[in-house]
Amino acid sequence: MTTGFSSNSCRFADYFVICGLDTESGLEPDELSALCQYIEATKFRDGARGLASADEGENFEQSPLRRTFKSKVLAHYPENVEWSPFDQDAVGMLCMPKGLAFRTQADTREPQFHSFIITREDGSRTYGFALTFYEEVTSKQICSAMQTLYHMHNAEQYDILHTPTTPRCPEDQRHLHPHPLNPHPQHTLLPTPSISRLQRFNSYDISRDTLYVSKCICLIAPMAFPQACRKVLQQLHQAVSSPQPPPLPLESYVYNILYEVPLPPAGRSLKFSGVYGPVVCQRPSTAELPLFDFPISQVFELLGVENVLQLFTCALLEIQILLYSQHYQRLMTVAESITALMFPFQWQHVYVPILPASLLHFLDAPVPYLMGLHSNGEGDRTKLELPQEANLCFVDIDNHFIELPEDLPLFPNKLEFIQEISEVLLAFGMSPEGNPLHSQGQAKHWGFRSIDMVTDRRNGNLASSPLNSYLLRENETIARLQALVKRTGVSLEKLDVREDASSNKDLKVQCDEEELKMHQLNIQVREVFANRFTQMFADYEVFVIQPSQDKESWFSNRDQMQNFDKASFLSDQPEPYLPFLSRFLETQMFASFIDSKILCHDDEDKEHTLRVFDSRVDKIRMLNVRTPTLRTSMYQTCTNIDEAEKAIEMRVVKIDHTALHPHLLDMKIGQGRYEHGFFPRLQSDVLSTGPVSNKWAKRSAPAQWRRKDRQKQHAEHLYLDNDQREKYIQEARNLGTTIRQPKLSNLSPSVIAQTNWKFVEGLLKECRNKTKRMLVEKMGREAVELGHGEVSITGVEENTLIASLCDLLERIWSHGLQVKQGKSALWSHLLHYQESKEKTDAAPAGLGPPGLIHDIERRKSDAGAALAPLKVSLIRDMRHIQNIGEIKTDVGKARAWVRLSMEKKLLSRHLKKLLSDHELTKKLYKRYAFLRCDDEKEQFLYHLLSFNAVDYFCFTNVFTTIMIPYHVLVIPSKKLGGSMFTANPWVCVSGELAETGVLQVPKHTQEITFECQNLGKLTTVQMGHDNSGLYAKWLVEYVMVRNEITGHAYKFPCGRWLGKGVDDGSLERVLVGELVTPNSENEDRMCRTPPMQQSPGMMRRFVTISPNSKPKLNTGQIQEGVGESINGIVKHFHKPEKERGSLTLLLCGEYGLVWALEQVFQHGFKSPRLFKNVFIWDFLEKSQVYFESAEQREVTPDENWQTRVHHFCRFMRAINSTSRNIGKDGKFQMLVCLGARDHLLHHWIALLADCPITVQMYEDTALIKDRSLVNSLIRVLQTLQEFNITLEASLVKGIGI
């Protein structure tokens, strides 16, 4: 009979359970779930004494047939199994998640099958499979209790009806025939929808109606074989409901499934007997994808490919997911399918595919979760109150609808991916759009494969292309898909039409057709999904950072350790992948995957998933001859579908094992009889223990060994591992999730309190880790800019980290909310605060309430004492955000506000301010909420304070198109009478994003405020005057410009004269500025000193004011200066584009290229007569005159020399003839910038070194006369050749070259 089972296989099912109505204890209302629903319903009251209609959840005012009553576990066999203790609470809740349901003969009473999952606290899982059916209530007490409830209910309804305010008819006014308790039915006009409802749930009259109650039989099993379990349960139910009794007593079949049917070994199939027919199940081998037996086709039919892919993306990014359906099995199928498609990654957070009504408060969990919520068949999503929606993916399965969080990145190659999945579905005759109606009677449509479509098209019944006929025209994705189809040349006409395996090979398949098709479609879709990850992470091993220390210390420091070189990995990826990948690499599932990789060095050690994934990756590497590190965005389709499908067909064609047939048990006479139509309690004595001789039951082995064995054997399905590694990975990864799984038990307040406490601890821990990670990244980068080490963060990555911080804040703010308003809990709290503050502000005039004093407290150390400090005001920052028209949603506003506060370094301070209003916090939050746990809240604010150590531009860089007010202040020199100045000054401010154009500055105040589109980080200020009036000479010390929203202030040092006949005769200058750090007060003092005594950093700017004060640099220092400035430019170009700073600063700023070359030409310059300044520009002009005359005399050494001279003279002429009033130093700056841009500087230096003018104007010791020094200078300047230097418009205005 049976072929030898290996000694470590184990039982197919652990328990058989019966749940239902306990006639002894009678009718108990299910308080918890009823209460939840009552509360839900009362929230939507809109009239007299709560006329909640049936739409609004089941509550105490509902018709008794619609109320929830407690179900009990009536019996389970055997009593207990060592390796899987029976969890009575969880099984009871999940078998009948809504409690008992009553029906009368007028209602439909089809049996319903659903599966569920019990996740223990250690992450291991058991599966349950339940069949719920209705049985007649024979107990007289129960029937009369129901009748009494109805009388009470009708009396209540009667009272309500006759109160004058009746906004709408109560749901239960369904006795259309005259009734003693309701003599005036005509007064109440029933709204039409409830007519059908009346007929559906007719009232109960004990003399006339038969009462039915739900009952459930259930198998608890270690692995998920839903198809097999469904058959077993349906056949057992059929045995009691069919007129003919079954061949053997029910006990024989239950005993058989519990003790004589083993789990199929890996890679084998198994056949065993149900009551009426054989049941086949099969299990993949260790080289295949893990076991998965739910119909994926149903998910695609219910949601469509596009929605499934969006949901899949949300799951991968660990966004909170709530599934919503009135069918428990759909919730389970969608949840299990999405998590199965993630292979090789595993969902790491709370996972409750069916959330029992009594656990609704779990939706408050401030952690990522994947939960399924049962709807009452009321389609209205708006009535569902969810504690947090800022980062929620809501999936209304029955209505083919999905609500996504904002800013969801696209899955890489999304279009091609959709195309590939669609082709698989079309080959099975399914529409990629999904067809929610089909999934009801799914079986009918399975037979329809595209083979029928092709023959059908010949008959002219279908449009010319399967895609055309199937896809809705208005769906833009599909439109793009079709364009892609044309481009890639995939013709759907030639779509590979797969004939049925059975028909073309005449194979004898041992399971039914539908089941085989389900397995085929499942494996094809799963292979396509798995292939995406093997392609995307083909070279992930290269980037895994192996710990240098031993495992023990690695575990203890796990939080601080980076286990994957994210920056290098991302730098290899195609640009379009980055938004998704940078977020995915931050998830817990990715970190756990890499951890398990680090922990398993040899193949023996690896978890099943990792082993399978690695072998696939190796295969891809062998096939792809291209260098594995160069990633391309070429889409590569899945190639191993056929072999995966063959493996399944082989198992189904030739069954490997057959289990023992059910047989008579040793039962006493009279046992095993039962009443027709009722599922009996079974004889527990015969079901309590299994056969002694059965080798594979291994009852003798100690339980813990058996558990180890079982864990090892299921590593491939339950993803468990030897205890130690499991423990380590758990500990290592419990970063933000101190709570992995809710305990399904009857919840006492203390349990709920403890759970919430765990949430609070978890949030705090997550906050600590996030701030640390962001600081390490930021500090790392700033250290690099100072030259310590390698760059490690990209703009994309910074955005990812900030987005995840916003998500964490939303989760903290939605924990323990009293009443939810709007999708963003944080923004809602801010609005409440704003409202209460505005009320107090509007209080009668006077000194105002003392509370406002801090609000207006100024930042003393604000940029440049010259600018009046900005007020620090939470409300003002909110108003800035509210004034930005581009941000439409609350979630968007909250995020923008967080970004602005981060940029202003006020996040911690603002939130502290917000939470200091204790009254408001009490009003909005329950006692257990995170925001009301004082110590944790303090620590949380302290962690956020650490962001003030670094500069973020996360607001300026993201909101690039908004209007921003700027304030400009010109500081003239105190000493040299700026007050006499008569001309009209102007400025023009430029930033990385835009420039303002010329702005007139009032000459008496010398400051203006103006509004313009976001300029980005500021780079230069051009300033000048019109030379009018008697005293048109102006000595400007510096200019300050401040962004009035973010408070960033920039200082543009000048220290030179503007005016004809002073300094270099310039009427305008280009100033290069830098961000002022607010806290150095000594800097403000320094600014007040006159320019002569500036620090050496300002050298070049005062060089020509008084020739005698020139700092003398020696040739070594000058060479070093040139080297440093060139080095800065080279480094600039080696950074990723998004991270480069200002090139203008490197060219014209302090110690930039212009300054360095100025030093070269100043060295050994012959000092002229007293009081007459000679500028470098004078020397260059003389050289130009010489070259031009040499050209005319045609004294040309060679052609090369000619072109160089030609260029040099052309640029000199262009600069001299510009209409701008720039002085001689300004012209020199312009020449250097243009020379750098056109890669001509080294040619010009060579020309000038050989020029006779140099001999006249320089002393013999001058650098420019030293041959070897000039040659090394030329070599250094040549390194600029390879860079494409783009100059800011302000530097070359008015030059047409």
Side-chain angles (χ1 to χ4, degrees), residues 15-35 37 58 60 62-77 86 88-114 116 128-150 152-153 201-206 209-220 233 236-237 239-241 250 254 328 354 356-358 374 376 674-684 744 746:
Y15 296 98
F16 179 77
V17 186
I18 305 173
C19 293
L21 168 65
D22 183 2
T23 43
E24 263 95 272
S25 61
L27 280 186
E28 294 177 72
D30 186 353
E31 288 97 359
L32 257 174
S33 66
L35 187 65
Q37 278 154 350
E58 293 149 282
F60 295 136
Q62 280 205 311
S63 99
L65 275 180
R66 307 295 293 140
R67 292 183 196 167
T68 41
F69 297 95
K70 253 194 198 134
S71 65
K72 294 249 171 84
V73 173
L74 302 177
H76 63 275
Y77 316 99
F86 187 73
Q88 180 125 357
D89 287 331
V91 173
M93 272 187 187
L94 291 167
C95 276
M96 307 184 97
K98 275 231 152 48
L100 294 174
F102 284 93
R103 295 277 186 274
T104 64
Q105 75 286 350
D107 302 310
T108 50
R109 301 188 305 283
E110 283 299 300
Q112 292 292 327
F113 171 81
H114 76 271
F116 57 84
F129 303 95
L131 184 73
T132 309
F133 47 88
Y134 286 89
E135 285 185 352
E136 189 178 328
V137 179
T138 48
S139 151
K140 285 282 174 285
Q141 289 105 317
I142 301 284
C143 292
S144 51
M146 185 56 82
Q147 178 79 72
T148 314
L149 284 172
Y150 254 101
M152 288 158 63
H153 175 70
F201 318 122
N202 222 331
S203 63
Y204 175 63
D205 180 339
I206 197 162
D209 298 322
T210 316
L211 190 62
Y212 292 88
V213 67
S214 55
K215 186 179 231 177
C216 171
I217 51 176
C218 167
L219 284 173
I220 304 289
L233 294 171
L236 280 170
H237 175 243
V240 293
S241 54
L250 290 175
V254 173
Y328 294 121
I354 296 174
S358 49
H374 184 261
N376 294 332
Y674 56 89
E675 209 180 325
H676 168 64
F678 293 93
F679 202 96
R681 296 207 182 182
L682 306 174
Q683 305 300 323
S684 53
L744 297 179
N746 281 327

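Side chains included, hydrogens not; waters and symmetry mates left out as well; all remaining heavy atoms used.
- In this structure the side chain of Lys98 reaches within 4.5 angstrom of the side chain of Tyr328, judged on heavy atoms.
- For the pair Pro680/Val240, a side-chain contact is recorded, criterion being any heavy-atom separation below 4.5 Å from C-beta on.
- No side-chain heavy atom of His76 sits less than 4.5 Å from a side-chain heavy atom of Ile220.
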(message) Pair Lys215, Leu21 - check side-chain contact (heavy atoms from CB on, under 4.5 Å), show working.
(response) CA-CA 7 Å; Lys215 186 179 231 177; Leu21 168 65; over 6 Å; no

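- One N or O on the side chain of Tyr77 and one on the backbone of Leu682 form a donor-acceptor pair closer than 3.5 Å.
- Minimum heavy-atom separation, Met146 to Phe69: CE-CE1, 4.4 Å.
- Here the shortest heavy-atom pairing between Cys216 and Ala130 reads SG-CB, 3.6 Å.
- Using modelled atom types, one side-chain atom of Ser214 and one backbone atom of Ala101 make a donor-acceptor pair closer than 3.5 Å.
- Considering CD1 of Ile18 and CG of Leu74, their distance stands at 7.0 Å, rounded to 0.5 Å.
- If you take NZ on Lys70 and CG on Asp22, they are separated by 11.5 Å, rounding to the nearest 0.5 Å.
- Residues Thr108 and Tyr134 fail the side-chain proximity criterion, which asks for heavy atoms closer than 4.5 Å.
- The minimum heavy-atom distance linking Leu131 with Leu233 is given by the pair CD2-O, 3.6 Å.
- Taking CG of Leu100 as the start and NZ of Lys72 as the end, the distance is 9.5 Å to the nearest 0.5 Å.
- Residues Leu236 and Phe679 are in side-chain contact: their nearest non-hydrogen atoms beyond the backbone lie under 4.5 Å apart.
- By the 30° and 60° cut-offs, the orientation of the rings of His153 relative to Tyr150 is perpendicular.
- Between Phe116 and Pro97, every side-chain heavy-atom pair lies at or beyond the 4.5 Å cut-off.
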(request) Applying side-chain contact (heavy atoms from CB on, under 4.5 Å), run through Leu219 and Tyr15 and close with a yes or a no. (result) CA-CA 6 Å; Leu219 284 173; Tyr15 296 98; over 6 Å; no

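- When all heavy atoms are compared, the tightest approach of Cys95 to His114 is O-CE1, 3.0 Å.
- When side chains are defined from C-beta on, Ile354 does not count as touching His374, because their heavy atoms never get closer than 4.5 Å.
- Note: Phe133 CZ to Ser241 OG = 8.5 Å, rounded to the nearest 0.5 Å.
- Looking at Val137 and Phe102, their side chains come closer than 4.5 Å, going by heavy atoms from C-beta outward.
- For the atom pair NE2 (His237) and CZ (Phe113), the distance works out to 14.0 Å, reported to the nearest 0.5 Å.
- Here SG of Cys19 is found 12.5 Å from CE of Met93. Values are rounded to the nearest 0.5 Å.
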